[in-house]
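Chain letters run A, B, ... following the sequence lines, proteins first and then strands; every chain starts at 1. For the numbers below, each heavy atom of this structure counts, side chains included, while hydrogens, waters and symmetry mates do not. None of the values given here were measured: they were computed from a predicted structure.
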Number of protein chains: 2
Amino acid sequence: MLTRRFSTRAIYQQMRDVLAARIATGEWKPGTALPSEADLAREFGVSPGTARKALKLLEAERLLTRRQGHGTFVNAPSSDERALRYSNIRTSGGERIVGEVKVLKVSEGPANEAQRDRLQLRSEDCACQIRCVRLFNGKPFMVEEISMPSTLFPGLTEREDFGCSIASLAQEFGVLVGGAEERLTIGPAPRDVAEVLGLEVGAPILMLDRLVHAIDGRPVEWRLRHADLADKYYAANLG
Amino acid sequence: MLTRRFSTRAIYQQMRDVLAARIATGEWKPGTALPSEADLAREFGVSPGTARKALKLLEAERLLTRRQGHGTFVNAPSSDERALRYSNIRTSGGERIVGEVKVLKVSEGPANEAQRDRLQLRSEDCACQIRCVRLFNGKPFMVEEISMPSTLFPGLTEREDFGCSIASLAQEFGVLVGGAEERLTIGPAPRDVAEVLGLEVGAPILMLDRLVHAIDGRPVEWRLRHADLADKYYAANLG
DNA sequence: TAGTGGTCTAGACCACAGA
DNA sequence: CTGTGGTCTAGACCACTAA
């Protein structure tokens, strides 16, 4: 029974948090149909309108899909809706490029200054670091340097497969991803990047700096990428 | 008195359209306080909740600002909220760059193939075309080629000042701007661009291709830009 | 036909801003 | 204090889907 008596937080927000937790922990599995609005309202002891507001929030956060006459369903982190959320590089034909991922190096240790700054870590915190290259049609086009807080992803470096999206990876650790910011600049390709991508050292290349947050605002992943945009473009949506 | 009897469109959507028209035509001027939810509900013969939904839509479209205990106010097209909506180039310090605009050339005539394609024009339609350069701290950093449907902006080419934002310009013609898409690529600077920006011909440069829509979905403006990103970056928000 | 979410109503109380 | 928007209630009817 949710109430506002013991919290300044609105009831529909509290309810959203509880429902999100059920999704994050896997209590509600991907593809599962949720109880109807009316049933959820009864369970939480709130009015149907309030339950509806909580569900609408989770739909906007891409965690649920609702269809009139059908029901409310949990989106898989591997669904296009969630996995391709941050994939903004497309072919000149307009198709999203995901590409295969080849991991080059995995390491873990005390966070460096850049990582502490971007991931809001303290000086004693550690970070996982993954370096990989993305291939499209077998040809490498992007080198990535991924950093994640070790506290959020304990034992991450022991994994074998990093090919999945950050949405899937995070959810395995009970974290739901939310918004992200990306910064784009043009810069000269460093030697190590140029070698992997088959470019000349210093060739102009797109640099992408992306920070992904959890739905509660905590920084979850910082990704620094060098991309060769030949026959491709970066698509931005200005709501 | 709005009703659903004569339209499949939801009442709150119909009401949004009417309110948006009042803003577009200037019947409600920027800075004006709207009647309260309850008064608007009475005027339109709907329940307060329905009126509220219409107002929420317009707030999401950046046309209104609502503040509890204060009221609902019309946003000026020149307000940061609306004018800087599409300004994604920032200084390395993170401040939005607007810059001064210097118009190089204004012309009007039958739309070329690219304009017809991007602005959804028919073969007999005309387009206004404006070429200008943007300066930051007195230094040119971006060349723009702007195209707009002549039918939407009659007499545009007779104007003197194009320095204002597309939101302001469009509203002078009774058009409210909504979403936009942008495509970014890296390419060699053409001679004319390089000369204006003080770069070598063929130097790598950011190309931005942006299409702005009206809130009803019609294409309103197509902008092709070449930008020198030195000491700057492009900021994208991945909601 | 039963059950779902989408819309809509007509109220209530609360938090907040300003006179 | 008054009036605003934010939240919340407890219903109603409708459009849609699938069995």
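The distance from atom CG of A:L2 to atom P of D:dT7 is 15 Å, rounded to the nearest whole Å. Atom CG of B:L34 is separated from atom C1' of D:dG3 by 15 Å (rounded to the nearest Å). If you take CG of B:L40 and P of D:dT4, they are 10 Å apart, rounded to a whole angstrom. When rounded to the nearest whole Å, the span between CZ of A:R42 and P of D:dA10 equals 12 Å. When the P atom of C:dT9 is taken as reference, atom NZ of B:K53 falls 10 Å away, rounded to whole Å. Atom-to-atom, CZ of A:R16 to P of D:dT7 comes out at 14 Å; the value is rounded to the nearest Å. Look at NE2 on B:H70: it is 10 Å from C1' on D:dT4, rounded to the nearest Å. Distance, A:R67 CZ to D:dC14 P: 23 Å, rounded to whole Å.
Side-chain polar atoms of B:Y234 and B:E182 form a donor-acceptor pair below 3.5 angstrom. Side chain to side chain, A:R82 and A:Q171 meet the donor-acceptor criterion of an N or O pair below 3.5 Å.
For B:Q68, the listed nucleotide lying nearest its side chain is C:dC16; candidates were C:dC16, D:dC8, C:dC8. Each of D:dG5, C:dC8, D:dG6 was ranked by its minimum atom distance to the side chain of B:K56; first place goes to D:dG6. Here the side chain of B:E37 is nearest to one of D:dG5, C:dC8, D:dT7, namely D:dG5.
Distances shorter than 4.0 Å separate some side-chain N or O of B:T72 from OP1 or OP2 on D:dG5. For the pair A:Y12 and D:dC8, the criterion of a side-chain N or O lying under 4.0 Å from OP1 or OP2 is not met. Not one side-chain nitrogen or oxygen of B:T50 sits closer than 4.0 Å to the OP1 or OP2 atom of C:dT7. Between A:R52 and C:dG6 there is a side-chain polar atom (N or O) within less than 4.0 angstrom of OP1 or OP2.
When each of A:G69 and A:G49 is assigned the nucleotide of DNA chain D with its nearest heavy atom, A:G49 is the one assigned upstream, toward the 5' end.
To the nearest 0.5 angstrom, A:T72 atom OG1 is 9.0 Å from A:R52 atom CZ.
Using a cut-off of 4.0 Å between Lys/Arg side-chain N and Asp/Glu carboxylate O, B:K53 and B:E59 are scored as not salt-bridged.
No contact: A:L55 has no heavy atom under 4.0 Å from any strand.
The side-chain contact (heavy atoms from CB on, under 4.5 Å) test with A:R210 is passed by exactly one of A:I166, A:L224, A:I146: A:I166.
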